[in-house]
There are 4 protein chains.
Amino acid sequence: MSPRRRDEAGTAAARAHRRAQLLRTAAEVFAARGYSTTTVRQVADASGMLAGSLYYHFDSKESMVDEILSTFLTELWEDYDTILDQGKGARETLESLVTASFGAIDRHRPAVVIYQNESKHLAENDRFTYLVDSQKRFRQMWVGLLERGIEEGDFRADLDPPVIYRFIRDTVWVAAGWYRPDGRLTSEQVARQYLAMVLEGVQRR
Amino acid sequence: MSPRRRDEAGTAAARAHRRAQLLRTAAEVFAARGYSTTTVRQVADASGMLAGSLYYHFDSKESMVDEILSTFLTELWEDYDTILDQGKGARETLESLVTASFGAIDRHRPAVVIYQNESKHLAENDRFTYLVDSQKRFRQMWVGLLERGIEEGDFRADLDPPVIYRFIRDTVWVAAGWYRPDGRLTSEQVARQYLAMVLEGVQRR
Amino acid sequence: MSPRRRDEAGTAAARAHRRAQLLRTAAEVFAARGYSTTTVRQVADASGMLAGSLYYHFDSKESMVDEILSTFLTELWEDYDTILDQGKGARETLESLVTASFGAIDRHRPAVVIYQNESKHLAENDRFTYLVDSQKRFRQMWVGLLERGIEEGDFRADLDPPVIYRFIRDTVWVAAGWYRPDGRLTSEQVARQYLAMVLEGVQRR
Amino acid sequence: MSPRRRDEAGTAAARAHRRAQLLRTAAEVFAARGYSTTTVRQVADASGMLAGSLYYHFDSKESMVDEILSTFLTELWEDYDTILDQGKGARETLESLVTASFGAIDRHRPAVVIYQNESKHLAENDRFTYLVDSQKRFRQMWVGLLERGIEEGDFRADLDPPVIYRFIRDTVWVAAGWYRPDGRLTSEQVARQYLAMVLEGVQRR
DNA sequence: TATGAATGAGATTTCATTCAT
DNA sequence: CATGAATGAAATCTCATTCAT
């Protein structure tokens, strides 16, 4: 149960553990100062080592974001796929997806911030084609869900799914910019406020 | 009516005109590639001149963003203040503010993108304290409006104004990231979709 | 006794040693070509490294002159204070101060040249207020000494201390411009010629 | 008697007049801020015109110093040659040369300051070989004079002429750095203090 | 594993100079 | 004569990265 069990010392597992630890720090710094604005030295400072030393663990600054983002997206899609596989109705699926998203913000806030701010620029790089792929899957998932909901009578018919998809996508992720895990509201409460607004509107009936 | 009238040549007006032209270009490049990632050389290329030549017109790269953002915010608050001074009800005021915001996105898209992506970092610089001031006014305006709407019975009482304010704020501005003036929908149509969602919800009644 | 003892390797002492070495080189180049005319690249070339590498050791070109000048002035005033504390007569004190000054030229020639040529301009910078302070102390020391010597009957009464102070000050330091440690005369011999001229005059009695 | 007489307008004389006027301004700025540190724009500002406009009058920044220094040196050597041609004794010649030098400082202070600070660096440039020539003539003049004075019994025999020459040379010119035409002392008074010190020494007999 | 020192490419900025008007 | 705009070379400085120890 200790963070570093005896049998890990000097092993591949110990190494992976150290990487993960460094990546958590790096993600926080990248999120706080922006990926391209952050210097490797700043990451190293926050990790209590010198800039050059990071290169023992990582090939490059780029490989750090790469690992941060791909890890995050892998986990996220695992959550999403679990939900999608449950075959619920459109409204209920939407609720689950939104709640899962706010959960992801809760657990991977720095990664989400980086994803939100930098993925557009990174996506131009061959190494990050998976960001484009993920965007496409997002779009298919949400537009498909909205269309299904309209067909099935769950959602209003006068909505433009591509536009609404973008609003939902952005609003969810952008919350990573201000959400604080130790703040006034839990991620579930934020999700509920968000759903209240998106599903029923702010207007009193 | 020609873009450069005779009486402007060599005058302060001509100079201001050239500056504005260069700033439009700069804003587009900054918006597309990110302020800190954009090199002065890239701005110069896009302006058809050499990097050094830009310094005839501007003190620094920083003073370019400064002028872009302050011009934008000045105009935006003129619009907002006009609306706020009309003394309409909460719901109607919200509609007008949202519509004005999408209008601003329509007319100043690059500036909005820069504002959205860079203001957090720039605000740490003394030169950009007006960004912090503007944020505060935003917050007061929106939270105040939501609270008034709840009191007056326009908006639902179970909403948390500070949270909803953030959703509204972010979602509006983040639209600058995907909205295209020459796209399928006009800014008014986007505003209407947005209002439909925010006011009445996506759920069919 | 070797220039780099084993116990220094990788230590703060080793680092200070390297800095001192680089500063000696920098001082020579600054002295030879003028501070503002010298490029960082020229200093780097003379140090056998690339321009950028110097920034591992120093914050800026300015911090290099800063360290050169402040180190020199600190040492110089230690020497002066030792002499002033001995409570000798005016004439003897003058002799000691002049000899100490030529000794300083001998040991810190490049620093003296820089001090002579650049301090006027550098002093406008907040970082170099100590140059102004030092000038003031110089003036007080020399004018005070001359006045005391006149009172005590060591020096001629028809002298104008503020003017003579300037002549002495300038003549001493300006010698750094032509004095060569490996030249025909030692610094003591130069000091003696100087004192012969200043104390007794060039005229035969 | 007006600064610009009618018959000069548009003529070569008028042009020369304007050049001289601009050069006076340039010399002051160069003297105050250092030649290489001064920008052409600063000279232009002080002259009430734009940087580019100066190039109507002068080929380059370099040609400005060139004209300032060569004009000064030409005049100076005319004065010196007049004195040397009078065939006076060594002591009297020394007095006249020193007085003439302080007169030159009085009338051409900025040029002297520039000469003092920049000639070493400029002399490396082919265009300024006359600076080297002038230095040589200086040396010959002063060392010759001192040697003659020793031979003829005017000056002390224990002096080292090359060293004393340098002290005299430097001290005279360096006074340009602090002498103010409108200060407490006239240039003649300063010259007299200087001669009192150099000829008879500061020590009371 | 980590350090300290250096590399080298590239960024922002400055500035003497040119030239059409 | 002077302006306004631009050029282009070079300067200071930053920073990801490498590598011997």
Side-chain angles (χ1 to χ4, degrees), chain A residues 9-10 14-15 18-19 22 35-44 47-64, chain B residues 9-12 14-15 18-19 22 36-44 47-64, chain C residues 9-12 14-15 18-19 22 36-44 47-64, chain D residues 10 14-15 18-19 22 36-44 47-64:
Chain A
R15 213 164 144 153
R18 183 78 171 113
R19 279 175 77 88
L22 292 169
Y35 168 67
S36 61
T37 318
T38 301
T39 69
V40 171
R41 191 167 177 261
Q42 286 166 338
V43 175
S47 305
M49 50 169 57
L50 293 178
S53 311
L54 277 175
Y55 286 80
Y56 177 81
H57 301 279
F58 304 98
D59 283 348
S60 63
K61 185 185 174 190
E62 207 180 65
S63 75
M64 292 186 221
Chain B
T11 67
R15 196 161 166 148
R18 183 76 171 114
R19 278 175 78 87
L22 293 168
S36 61
T37 318
T38 301
T39 70
V40 172
R41 192 165 175 261
Q42 286 166 338
V43 174
S47 304
M49 48 169 55
L50 292 175
S53 309
L54 276 176
Y55 287 81
Y56 178 78
H57 301 278
F58 303 99
D59 283 346
S60 62
K61 186 186 171 188
E62 203 181 69
S63 77
M64 293 186 220
Chain C
T11 67
R15 196 162 167 149
R18 184 77 172 112
R19 278 176 78 88
L22 293 169
S36 61
T37 317
T38 301
T39 71
V40 171
R41 192 163 174 262
Q42 286 166 339
V43 175
S47 304
M49 48 168 58
L50 292 175
S53 309
L54 276 176
Y55 288 83
Y56 177 77
H57 301 277
F58 303 98
D59 284 347
S60 62
K61 185 186 171 187
E62 205 181 68
S63 76
M64 291 187 221
Chain D
R15 210 162 145 152
R18 184 76 171 113
R19 280 174 77 88
L22 293 169
S36 61
T37 319
T38 301
T39 70
V40 171
R41 193 168 174 258
Q42 286 166 338
V43 174
S47 305
M49 50 170 58
L50 293 178
S53 310
L54 276 176
Y55 286 80
Y56 177 81
H57 301 278
F58 303 98
D59 284 348
S60 64
K61 186 186 172 188
E62 207 181 65
S63 75
M64 292 186 221

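Note: hydrogens, waters and symmetry copies are ignored here, and every other heavy atom, side chains too, is used. The chains referred to below are lettered A, B, ... by the order of the sequence lines, with proteins before strands, and numbering in each begins at 1.
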remark   = To the nearest angstrom, the CG-P distance between A:L54 and E:dG4 comes to 14 Å
ask   = From C:M49 CE over to C:L22 CG, what is the distance, rounded to the nearest 0.5 angstrom?
value = 5.0 Å
query = Taking the side chain of D:Y56 as heavy atoms from C-beta outward, which of F:dA6, E:dG4, F:dC1 is closest to it?
reply = F:dC1
note = Minimal heavy-atom distance between A:S36 and B:S36, with the atoms involved, is OG-OG, 3.7 Å
note = When rounded to whole Å, the CZ to C1' distance for the pair B:F58 and E:dT13 reads 15 Å
ask   = Closest heavy-atom contact between D:H57 and D:S53?
value = CD2-O, 3.7 Å
remark   = Output row for DNA chain E, stems defined as at least 3 consecutive Watson-Crick or G-U pairs under 3.5 Å, is E:2-21 with F:2-21
message = Just N and O in the side chain of C:R15: are any of them under 4.0 Å from OP1 or OP2 of E:dA5?
response = yes
Minimum heavy-atom distance A:V43-A:L54, with the two atoms named = CG1-CD1, 3.8 Å
query = What is the distance, rounded to the nearest whole Å, between atom CG of D:L50 and atom P of F:dC1?
reply = 16 Å
task = Please report the closest heavy-atom contact between D:Q42 and D:T37, naming both atoms and the distance.
result = OE1-O, 3.9 Å
remark   = 5'-most contact on DNA chain F (nearest-nucleotide basis), B:G48 vs C:R41, goes to B:G48
Can you check nucleotides 17-21 of chain F for protein contacts, nitrogen or oxygen pairs under 3.5 Å, and list what you find?
unit_1, atom_1, unit_2, atom_2, d
F:dT17, OP2, A:Y55, OH, 2.7
F:dT17, OP2, A:K61, N, 2.8
F:dT17, O5', A:Y55, OH, 3.4

ask   = Are C:R18 and C:F58 in a cation-pi setup, meaning NZ or CZ lies under 6.0 angstrom from the ring centre and within 45 degrees of the ring axis?
value = no
request  = Could you grab the distance from atom OG1 of D:T38 to atom NZ of D:K61, nearest 0.5 Å is fine?
outcome  = 6.5 Å
query = Does a nitrogen or oxygen in the side chain of B:H57 sit under 4.0 Å from OP1 or OP2 of F:dG4?
reply = no
key: Nearest listed nucleotide, side chain of D:R18, among F:dA2, E:dA6, F:dG4   = F:dA2
query = Looking at A:R15 and A:Y56, what are the two nearest heavy atoms and their distance?
reply = NH1-OH, 4.1 Å
task = Find the distance C:Q42:CD to F:dA10:P and express it as a whole number of Å.
result = 12 Å
Proximity to the side chain of C:M49 - top-ranked nucleotide from E:dT7, E:dA11, E:dA2 = E:dT7
query = How is A:T38 classified with respect to the nucleic acid when contacts are heavy atoms under 4.0 Å: base, sugar-phosphate, or nothing?
reply = sugar-phosphate
request  = Return yes when atom CZ of B:R19 has more than 12 non-hydrogen atoms of other residues, nucleotides or ligands closer than 6.0 Å, and no otherwise.
outcome  = yes
